[in-house]
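Comments concern the structure below.
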Amino acid sequence: MENYNPAEIEKKWNRHWDEQNFFHSEPDDREPYTIVIPPPNVTGILHMGHILNNTLQDVLVRRARMMGKNACWVPGTDHASIATEAKVVAKLAAEGINKSDLTREEFLDHAWKWKEEHGGIILKQLRTLGASCDWARTKFTMDPQMSESVIKVFVDLYNKGLVYRGVRMVNWDPAAQTALSDEEVIHRETAGKLYYLRYMIEGTTDYIVVATTRPETIMGDVAVCVNPADERYSHLKGKRVIVPLVGRSVPIIEDDYVTMEFGTGALKITPAHDVNDYVIGEKHGLEVIDVFNSDGTISEKSPLYVGEDRFVVREKIAVELAEKGLVEKVEEYTNQVGYSERTGAAIEPKLSMQWFVKMEKLAEPALKAVMEDTVRFVPPKFKNTYNHWMTNIKDWCISRQLWWGQRVPAWFLPEGGYVVAENADEALRLAREKNRALNMADLRQDEDVLDTWFSSWLWPISVFDGIRHPDNGDIKYYYPTNDLVTAPEIIFFWVARMIMVGYEYRHQRPFNAVYFTGIVRDKLGRKMSKQLGNSPDPLDLIAQYGADGVRMGMMLSTSAGNDIIFDEAMCEQGRNFGNKIWNAWRLVAMWRGAATDGVQPLASKKAIEWFGAKMDAVLGEIEGCFANYRLNDALMAAYKLFWDDFSGKYLEIVKPAYGEAMDSATLSATIGFFEKLLQVLHPFIPFVTEELWHCISDRGAKECVTVSDMPAPKSVDEEILSRFELMWEAVTAIRAVRKNRNIAMREPVGLMVIADGNFPAELSPILEKMGGLSQVSVVTEKPAGCDGFIVKTTQYFVPLGEAVDKEAELAKLTEELKYQEGFLTSVMRKLDNERFVASAPEAVVAAERTKRADAEARIGALRERIEALR
RNA sequence: GGGAGUUUAGCUCAGCUGGUUCAGAGCAUCUGCCUUACAAGCAGAGGGCCGGGGGUUCGAAUCCCUCAACUCCCACCA
C-alpha cells in the first residue's frame with residue numbers, strides 16, 4: 001500500500017551531499033580518478049542525450065569514489081560560439097535590434113548578459129539528475145583563465161609554425177556569415193536540377209552545351225573546360241564562348257579533370273564558387289569573380305540580379321535563359337549539398353582569408369595512441385573511423401567571422417603585415433621591432449574569433465590550468481584523466497583534437513579510455529530531436545519517475561557505441577525497483593522492531609551462508625562488467641541480486657512465521673546484507689540508496705553511502721551455490737505441483753525423496769519452508785499415489801492420495817523420458833565418433849561423458865517411475 | 001563513390017578466440033493469487049528453422065563466401 005516517493009527525498013540528499021562537499025576533490029595521496037564533462041552549450045537545456053551521457057559518467061565517478069579513489073568530475077559549459085551568437089542575434093532581432101547596428105562591444109554586452117541569465121541552467125538540471133560533479137571546479141570555456149589558455153596556445157602554435165594565415169577556399173555559411181571547418185558541414189543528398197545551357201561560340205552561330213546545377217553562378221564564369229581527349233570538342237580548341245545573359249567572352253580551356261561521360265563533357269568554370277573550379281582556375285591562371293555577397297545574395301560584381309538571393313536567382317535565371325532559348329534541357333538531379341551544421345544554410349564555397357592549424361604533425365602521436373590502445377576506445381570499432389580521418393587529416397580552419405568567442409590575437413600593422421601576441425602590449429612590442437614609430441593606436445586587432453573547438457580541445461588540460469601553469473599541482477595530479485564519456489558524433493570535432501593537443505602540450509594522452517555512447521532514439525528508431533518533438537523533457541521524466549528511475553531507465557537500455565532505443569517503460573522499471581528496495585527495507589525494519597534473542601533457525605543460518613556466497617559471486621561479476629565498461633550488465637546483475645535473490649529468496653527464507661519474532665543473529669546478518677546491497681546499487685541509483693542507508697542507522701552527516709567503501713568481491717564457495725540451486729529447483733517444482741493441483745501455499749504437503757548425492761539434505765529446512773511442506777522424508781522406494789519430479793538425478797515425490805492423475809503423470813513422464821533418450825542419443829553420437837573424441841579438447845569430452853552419466857541416471861529413474869505407475 | 005556496423009523470443013539486447021547446459025536476460029504477454037514489505041507485487045507458464053542461401057568442420061548463432069534489409073561515417077564529379 002505504501003509506495004516510495006522520490007521527489008522530496010532526492011531533493012534532500014542532493015542538498016546534503018552538496019553541503020557536505022562530498023564531491024569536491026583536492027589532490028592527496030590517493031589514486032586520482034578524473035572525468036571531465038563534455039561541456040554542454042552554455043545556453044543549452046538538458047536533453048535525453050545529456051541524461052544518458054551524464055548518468056554514465058556519474059556511475060563511473062561514484063563507483064570510483066567508493067572504491068577509495070580520489071574522484072574528481074569537472075563540470076562546465078562551452079561558449080558554443082556560433083550557436084550562442086545565433087541565439088543572441090535572434091533574441092535581439094525579436095527586440096527589433098539588428099546585429100549590424102551594434103558595435104562589437106555592444107553586442108558582446110548583450111551576449112554576456114544573455115549568458116548570465118540563461119547560462120548554466122543545464123548544470124542545475126544536471127544536479128537534479130544526481131550528477132556528483134565537483135561544482136567548485138565548474139569552468140566555462142570563456143572564463144578569463146580559460147580564454148588566456150586558448151590565446152597562449154594559438155600564439156605558441158603560431159610561433160611553432162603550426163598556425164598560419166592564408167587565402168583558401170573555405171566553407172562559408174551565408175546565414176551566420178562566417179567560415180566553418182570541414183567538420184561543421186553536413187552533406188545531404190538534395191534533389192535539384194541539372195540545367196543544360198548553351199554557350200555560343202564567339203563569332204559563330206554554333207554553341208557548346210554545358211551542364212550545371214547552379215545556373216546562378218554563371219555571372220562568375222571565366223571559362224568553359226573540356227577534356228583534352230574529348231574529340232567532340234577538339235574543333236573548339238582555342239575558341240572562346242559567350243557566357244549567356246552576361247555576354248562576357250571567356251576561353252575554352254582543356255583539363256583532364258573533366259569527366260567526358262558526365263553531362264555533356266563540358267564544364268563551366270566558376271573559380272569563386274566551386275572548389276574544383278578554383279583549382280582549375282589557378283592552374284590555368286583564370287580570374288576569380290566572386291558574384292556573391294557574404295549573405296548569399298548577388299554582389300555588385302555581377303551585372304545582373306544584384307542584391308537578390310542566390311536561390312531566387314537560380315529560378316529566375318533558369319526562366320530567363322529558357323526564354324532566350326539558351327536552355328537545351330533540364331533534368332531532375334540529386335546531388336550532395338553541404339549544409340551548415342548550426343544554421344542549416346546551404347554552404348557556399350568561398351575564397352577568403354582565414355587562420356588554419358596545420359594538422360599533419362599533430363596527428364601523428366594521436367593516431368598512434370589510439371591504434372595501440374594507449375587511449376582505449378570503447379567499443380573498439382571506432383578505431384577504424386578515427387584511423388581513416390586521422391590519416392587523411394586536413395588543415396583546420398579556426399577563424400570565424402563572429403564576435404562571441406576568443407578573438408584572434410593578431411594585430412595588423414598600418415603598412416601591412418601583422419604580429420601575433422598574447423596581448424596588445426606584447427603585440428606593440430613586437431610591432432616596434434619592425435617599426436619603432438608605431439603606437440598602440442596604429443595596431444588593429446583581427447576581427448575574427450576562434451572556432452569553439454579551438455578552446456574545447458584544451459578542456460582536459462585547461463580546466464586544471466595546465467596551459468598557463470604546466471607544473472601546477474592539479475594538472476600533475478589529475479592529468480591524464482581516466483575516462484571520457486561522449487557521443488561518437490564529436491569524435492573528430494573534439495575527441496581526436498583533445499588527443500592531439502594533449503600530446504602536444506602534456507606529452508601525454510588526455511584520458512585512458514573513451515566510452516562512446518550511442519544516439520538516443522525514440523521507439524520508432526528516430527533520433528530524438530527538438531524538430532521532431534519526439535524527445536521527452538528529462539525534467540518531466542524525473543518528476544514522474546524520480547532521478548533514480550530515469551537513471552536506471554537510461555542505464556538499462558544502453559550499451560557502449562550502440563544507439564539506444566529509449567522507452568519510458570524502462571524508467572518505470574527503474575521506479576519500480578526503487579519501490580522494491582524501499583519496501584524490502586520496510587519489511588526488515590519491522591523485524592528489527594521486534595527482534596529477540598531467540599534461537600536462530602537452521603533455515604536462516606543456511607540462507608545467510610548461501611546469500612553471502614551469492615553476493616560475493618555477483619560482486620565479482622559486477623567488477624568484471626565495469627572493467628569492460630558494460631555498465632548495463634553490471635546494473636542488471638545488481639538488480640537481479642536484489643530482486644530475485646535477496647527479496648525473492650533470502651528474505652522469504654528468513655522471514656519469521658506470522659506472529660513470531662526474528663532472532664537477532666539473523667537480523668544483524670540481514671541488515672549487513674542490506675547495507676552491502678545499497679552500496680553496490682548506489683552508483684546507479686544514488687538517492688534511494690542514500691535514504692535507506694540512513695534509515696538503517698542513525699549515522700552522522702558525514703557517514704553517507706556516497707562516501708562509504710564499496711564491498712570487495714571475495715572468492716566464492718561454488719559448492720554452496722550449486723547445492724542451493726538444486727534445492728531451489730525442488731522448490732520451484734513443488735510450487736508447480738501446487739499450481740497444477742490447485743493446492744494453496746497454506747495447505748501443507750509432504751515430500752519424499754530418494755536421497756542421492758544430488759539431494760541437498762542440509763538445505764531441507766529451506767526446502768520445507770519455501771515449499772510449504774509438512775516435512776521432507778527420505779525414502780528408498782518410490783511411494784504410491786504421488787506426483788513426482790526429478791532434480792538432476794534425485795527423485796522427489798509429493799504424496800497426493802486419490803488426487804493423483806495417473807494418466808497425466810504417465811504422459812508427463814513418458815515425454816520426459818523421450819526427451820532424455822533423445823538427448824542421450826545425441827551425446828552418444830558424439831562419444832562414439834572417433835574424430836570427436838580425438839580432436840575435441842579433453843574438457844569437452846569429459847563434459848560429454850558426465851552428460852551421458854547424468855542422462856543415464858535420469859533415464860533409469862524415469863523408467864522406474866513409469867514402471868511403478870503402471 | 002569508399003568504409004564501418006547491425007540483422008538472435010512481441011520489444012530492447014547478451015551470447016568472448018567455434019564444443020549441447022536441445023540458444024540466455026530484462027521488459028512485455030498468458031494463467032492463478034489483494035499470502036500480514038511491495039498488485040510499482042507474488043507464484044507459475046508460453047514464446048526463437050539465431051535475416052536468406054552456400055561452404056569449412058567430428059561439431060557453427062559463433063569462422064569463410066554470397067545475397068538481402070537497415071543504420072552510421074567519410075568523400076570536391078559539374
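For the numbers below, each heavy atom of this structure counts, side chains included, while hydrogens, waters and symmetry mates do not. Below, chain A is the first sequence line, B the second, and so on; all start at residue 1.
- The side chain of A/Lys383 contributes no N or O atom lying less than 4.0 Å from OP1 or OP2 of B/G5.
- In terms of phosphate contacts, A/Tyr639 brings a side-chain nitrogen or oxygen within less than 4.0 Å of OP1 or OP2 of B/C27.
- When the nucleotides B/A37, B/C27, B/A75 are ranked by their closest atom to the side chain of A/Leu587, B/A37 comes out on top.
- Contact between the side-chain N/O atoms of A/Lys830 and the OP1/OP2 oxygens of B/G59 is not found at any separation under 4.0 Å.
- At the heavy-atom level, A/Asn742 lies nowhere under 4.0 Å from the strands shown.
- Taking only side-chain nitrogens and oxygens, A/Trp389 never comes nearer than 4.0 Å to OP1 or OP2 of B/A4.
- Look at A/Glu183 and A/Arg497 and you find a salt bridge, because one of the NZ, NE, NH1 or NH2 atoms lies within 4.0 Å of a carboxylate O, short of that distance.
- In this structure, of B/A4, B/A78, B/C72, it is B/A78 that holds the atom nearest to the side chain of A/Thr213.
- The aromatic rings of A/Phe674 and A/Phe642 sit perpendicular to each other, their planes meeting at more than 60°, with 30° as the lower class boundary.
- Side chain of A/Tyr333, nearest nucleotide from B/C77, B/A78, B/C38: B/A78.
- Side-chain proximity of A/Met570 to B/A43, B/C27, B/A75: nearest is B/C27.
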- Convert the base pairs of RNA chain B into dot-bracket notation, remembering that pairs crossing earlier ones are written with [ ] and that bases paired across to another strand are shown as |; include only Watson-Crick or G-U pairs under 3.5 Å. (((((((..((((.....[....)))).(((((.......))))).....(((((..]....))))))))))))....
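- Residue A/Thr270 is out of contact with every strand shown, counting any heavy-atom pair closer than 4.0 Å.
- The residue A/Val210 sits apart from the nucleic acid: no heavy atom pair falls under 4.0 Å.
- In the set B/A78, B/C72, B/A43, B/A78 carries the atom at the smallest distance from any side-chain atom of A/Thr259.
- Within the 4.5 Å cutoff, no side-chain heavy atoms of A/Tyr629 are placed close to those of A/Leu56.
- Checking B/A78, B/G26, B/U71 against the side-chain heavy atoms of A/Arg521 singles out B/U71 as nearest.
- Checking the phosphate oxygens (OP1, OP2) of B/G44, no side-chain nitrogen or oxygen of A/Asn740 falls inside 4.0 Å.
- The phosphate of B/G15 (OP1 or OP2) has a side-chain N or O of A/Arg630 nearer than 4.0 angstrom.
- Between A/Lys383 and A/Asp373 a salt bridge is recorded (basic side-chain N to carboxylate O distance below 4.0 Å).
- Of the candidate nucleotides B/G44, B/U12, B/C42, B/U12 has the atom nearest to the side chain of A/Ile565.
- Picking from B/A37, B/A78, B/C74 the nucleotide with the shortest atom distance to the side chain of A/Phe492 gives B/C74.
- Comparing B/A25 with B/G48, their C1' atoms sit 14 Å apart, to the nearest whole Å.
- Distance noted for atom P between B/C67 and B/C72: 23 Å (whole Å).
- Residue-to-nucleotide contacts include a donor-acceptor pair under 3.5 Å from the side chain of A/Asn3 to the base of B/A40.
- Between B/C63 and B/A14, the distance separating the two P atoms is 15 Å to the nearest Å.
- Residues meeting the side-chain contact (heavy atoms from CB on, under 4.5 Å) test with A/Glu189, sequence neighbours left out: A/Thr334, A/Gln336.
- At a threshold of 4.0 angstrom between heavy atoms, the contacts of A/Glu489 with the nucleic acid are absent.
- Side-chain atoms of A/Thr385 stay outside donor-acceptor range of the base of B/C73, with no qualifying N/O pair under 3.5 Å.
- Taking the C1' atom of each, B/C77 and B/U71 are spaced 26 Å apart, rounded to whole Å.
- Counting distance only, with no hydrogens placed and no angle test, the side-chain atoms of A/Glu652 and the base atoms of B/A37 include a donor-acceptor pair under 3.5 Å.
- Taking the six-membered ring where tryptophan is involved, the planes of A/Trp643 and A/Tyr639 are tilted, since the angle between them lies from 30° to 60°.
- A salt bridge between A/Lys527 and A/Glu489 is present, with a side-chain N of the basic residue lying under 4.0 Å from a carboxylate O of the acidic one.
- Annotation: of the two residues near RNA chain B, A/Ala569 and A/Glu572, the 5′-most nearest-nucleotide partner is A/Ala569.
- One P atom belongs to B/U57, the other to B/G10, and the distance between them is 35 Å to the nearest Å.
- Residues A/Tyr196 and A/Glu331 form a side-chain contact, since some pair of their non-hydrogen atoms from C-beta on lies under 4.5 Å apart.
- Using cut-offs of 30° and 60° for the angle between ring planes, the A/Phe516 and A/Phe382 rings count as tilted.
- In this model, a donor atom of one side chain and an acceptor atom of the other lie less than 3.5 Å apart for A/Glu184 and A/Ser181.
- A/Asp277 comes within contact range of no nucleotide atom at all, as no heavy-atom separation falls under 4.0 Å.
- Within 4.0 Å of A/Trp591, counting heavy atoms only, lies no atom of the nucleic acid at all.
- Checked by distance alone, A/Gln573 brings no side-chain donor or acceptor within 3.5 Å of a matching partner on the base of B/A40.
- Between B/A4, B/G26, B/C38, one nucleotide has an atom nearer to the side chain of A/Asn583 than all others, and that is B/C38.
- Spacing between B/U56 and B/A9 at atom C1', rounded to whole Å, works out to 29 Å.
- No salt bridge links A/Lys792 with A/Glu725; every basic N to acidic carboxylate O contact stays at or beyond 4.0 Å.
- Between B/G52 and B/A69, the two P atoms lie 15 Å apart (nearest whole Å).
- In this structure, the nucleotide among B/A40, B/A78, B/C27 sitting nearest to the side chain of A/Arg575 is B/A40.
- Nucleotides B/A37 and B/C30, compared at atom C1', are 27 Å apart to the nearest Å.
- At least one donor-acceptor pair closer than 3.5 Å links the side chain of A/Asn628 to the backbone N or O of A/Gly624.
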Atom pairs under 3.5 Å, N or O on each side, protein against nucleotides 6-8 of chain B: can you list them with distances?
none

